[in-house]
Protein chains: 2
Amino acid sequence: MKEQSEQTPSITLEDVARLAGVSGMTVSRVLQDHVNVSEQTRAKVQAAVAALGYVPNRLAGALTTAKTRLIAVIVPSLSNIVFPEVLRGANECLEAAGYQAVIGVSDYDLEKEERIIAAMRAWRPSGWILAGLEHTPRALQMLRVVRSPVVEVMDSDGEPIDMAVGFSNTQAGRDTGQFLADTGRRRVGYVGGDLCRDLRAAKRRKGFEQALAENGLELEASFTAQQASSFLLGRAGLAQLLERHPDLDAVYFSNDDMAVGGLMHCMGAGVEVPGRLALAGFNGLEIGEAVPQRLTTIRSPRYRIGQLAAEHILARLAGNAPPLRLDLGYEFITGQTT
Amino acid sequence: MKEQSEQTPSITLEDVARLAGVSGMTVSRVLQDHVNVSEQTRAKVQAAVAALGYVPNRLAGALTTAKTRLIAVIVPSLSNIVFPEVLRGANECLEAAGYQAVIGVSDYDLEKEERIIAAMRAWRPSGWILAGLEHTPRALQMLRVVRSPVVEVMDSDGEPIDMAVGFSNTQAGRDTGQFLADTGRRRVGYVGGDLCRDLRAAKRRKGFEQALAENGLELEASFTAQQASSFLLGRAGLAQLLERHPDLDAVYFSNDDMAVGGLMHCMGAGVEVPGRLALAGFNGLEIGEAVPQRLTTIRSPRYRIGQLAAEHILARLAGNAPPLRLDLGYEFITGQTT
DNA sequence: ATGAAAGCGCTAACAA
DNA sequence: TTGTTAGCGCTTTCAT
């Protein structure tokens, strides 16, 4: 078993300095690739570092410089692949630059997000990445007084605190609604998860309904559950909706997880798609391409959004002024389910 | 635009002390819920904290106490839902205890994992969570000399550095091989991603082949690609395998992403499952339950593993000695694809 | 119950 | 090119 007791004092920069026969400051300079160090000294120091297995203490460094190189990344969920991909994009960029992501998961709960923000402030992150433009008043206040760059991602319908990298969820919903109307659908339903929590899904639905209205249509039926969206929920939701409203000719889903679940219901129950029923989702998940009939959906640039969010933070920290708002748009994918 | 210049010096514990008319030490005691503080003083301090909007600096605290409450979590991938779920389990537990996860992504590359470990040491994490029992010699060395608890997750086939929470991938593969043999399959193929990188998938395949051998069978055909596993790769892989070996009567996939892709190929191409072909996967993803024919697979307790890993670290830090190795097993799901 | 002093390990600023 | 000094913001220890 690993011994926890007897904390051997860790090796410090002073230890390295002593062994190399120089001052601590010189060691610090070598480690920071400072120019004003002679080759000879540099070599001596590097040898001492290697000999002792010295690992710099970033806590101490960050305390002195007041720069942590810690980036707070707060996502609503890790239960489907969407936010992990945002995180992956951000992390790839941050890691390459010597920054470290610290994560928080809000469960689509703005109160919880607020608590996470409050707690994370204590680490003095060099930057913040958050999902969405909606936050509690106190969360907004905290982020406004924070002196580090803040990027809100995955949405562009609203005012950012500082910077935003995303796309219009409302417009995505509109585009889908218009598309279904254009392709002759008239009896349209909706299947979604808990919209009070996923505010971006709510915006898509709102945009969707607007587009229907502009075409003289309205949502005939809707299934929403107080649960997180999922394949099984989409499947069960569509089954239930069709039972009550067998005459629907199109269904819009809150996202692809739900839509793929819906498609699976149709395949299992022999509901002809798109002949009898059209299905449309959102996100552009890979599974939507792998199903026998490619799903009609919208691909959100999730990975790219994460990457750009990180890049914008780094640019700002480097003294540049990247665009405050970036609307990356999205790709409408006309599949075989419409 | 946000002002970056003129760094207003941040509010410190001394500022709070001054306003409350006490010493810094007393403020510190109040913030740590120390017992020896009078109610009156406590109230004064709390009022000052609120008035100034004081946020303690954990960098400074951690530097003094040599306890960061930072937990390094290094996962191989964020490209499918498996490790995000491990991370979710760990984070839920850590967050509740006031710990903070800092993440790294190794891309299934042990060299990269080593670099991440090397870099993360500088933050002096209070604990480490890593995937798998295989690491580079230098990574092993670094983790052995680290004085904080280390938990290796998602595997139990091998020797852990410190603690391990997982299951036997080899046995999972064996069970699947035995099951296919028991159900009369004789011409068995394999479809997987890059096995040099995903070592746990490689163990499953090895166990699978062992079980076949024990039943007088061997793998008739195999498709492996130098890419990450995915739905589309599974679909294309199975298509290719069946083209070359149309007489296969069962295929084992490296995981459920691949297997669901394979099933989609069968549904699209009219390959009768399980009549003509049996399919088996691994992980127990939700999508495997939502497809028209429930996938035969093994559910790995991913969320629970993340949770337990975190709990064990916390227990160790609290002075307890939790079990060094925990084999959580798994659930074999007999679906409708076999 | 409260405070003073010292120091965690590092780097910025200045001096030599 | 190198070293000295001071201090980042906190907590530990010891005193009162």
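The distance between atom CZ of Arg18(B) and atom P of dG3(C), rounded to the nearest whole Å, is 14 Å. One interatomic measurement links the two molecules: CH2 of Trp123(B) to P of dG9(C), which rounds to 16 Å at whole-angstrom precision. In this structure, NE2 of His34(A) is placed 15 Å from C1' of dC10(C), rounded to the nearest angstrom. Between Asp15(A) atom CG and dC8(C) atom C1' the separation is 13 Å, expressed in whole Å. Rounded to whole Å, the distance from CZ on Arg69(A) to P on dT11(C) is 12 Å.
Salt-bridge check for Arg138(A) with Glu111(A): failed, with every basic side-chain N at 4.0 Å or more from each acidic carboxylate O.
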Protein-to-nucleotide contact annotation, 5' to 3' order, nucleotides 8-16 of chain D [B base; S sugar-phosphate only; - none; under 4.0 Å, heavy atom]: BBBBB----
Does the pair Gln141(A) and Val145(A) meet the rule for a side chain to side chain contact (heavy atoms under 4.5 Å, CB included), with working shown? CA-CA 6 Å; Gln141(A) 177 54 23; Val145(A) 301; 3.3 Å; yes
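Although no hydrogens or angles enter the test, the distance criterion places no donor-acceptor pair under 3.5 Å between the side chain of Glu85(B) and the main chain of Ser79(A). With hydrogens and angles disregarded, no donor-acceptor distance shorter than 3.5 Å links the side chain of Arg88(A) to the backbone of Tyr303(A).
Every pair tested for side chain to side chain donor-acceptor pair (under 3.5 Å) that includes a residue from residues 48-61 of chain A fails, sequence neighbours excluded, so the list is empty.
Distance check: Leu308(A) CG to Ile129(A) CD1 gives 10.5 Å after rounding to the nearest 0.5 Å. Here the CG-OG distance, from Leu328(B) to Ser156(B), works out to 9.5 Å after rounding to the nearest 0.5 Å. In this structure, Ser148(A) OG and Ile313(A) CD1 are separated by 8.5 Å, a value rounded to the nearest 0.5 Å.
Phosphate proximity of dG3(C) to Thr26(B): present, with a side-chain N or O under 4.0 Å from OP1 or OP2.
Of the candidates dA1(C), dG3(D), dT2(D), dG3(D) carries the atom nearest the Ser23(A) side chain, counting heavy atoms from C-beta on.
Across its full length, the helix from dA1(C)-dT16(D) to dA16(C)-dT1(D) shows an angle of 30° between the axes of its 5 terminal pairs at either end, rounded to 10 degrees.
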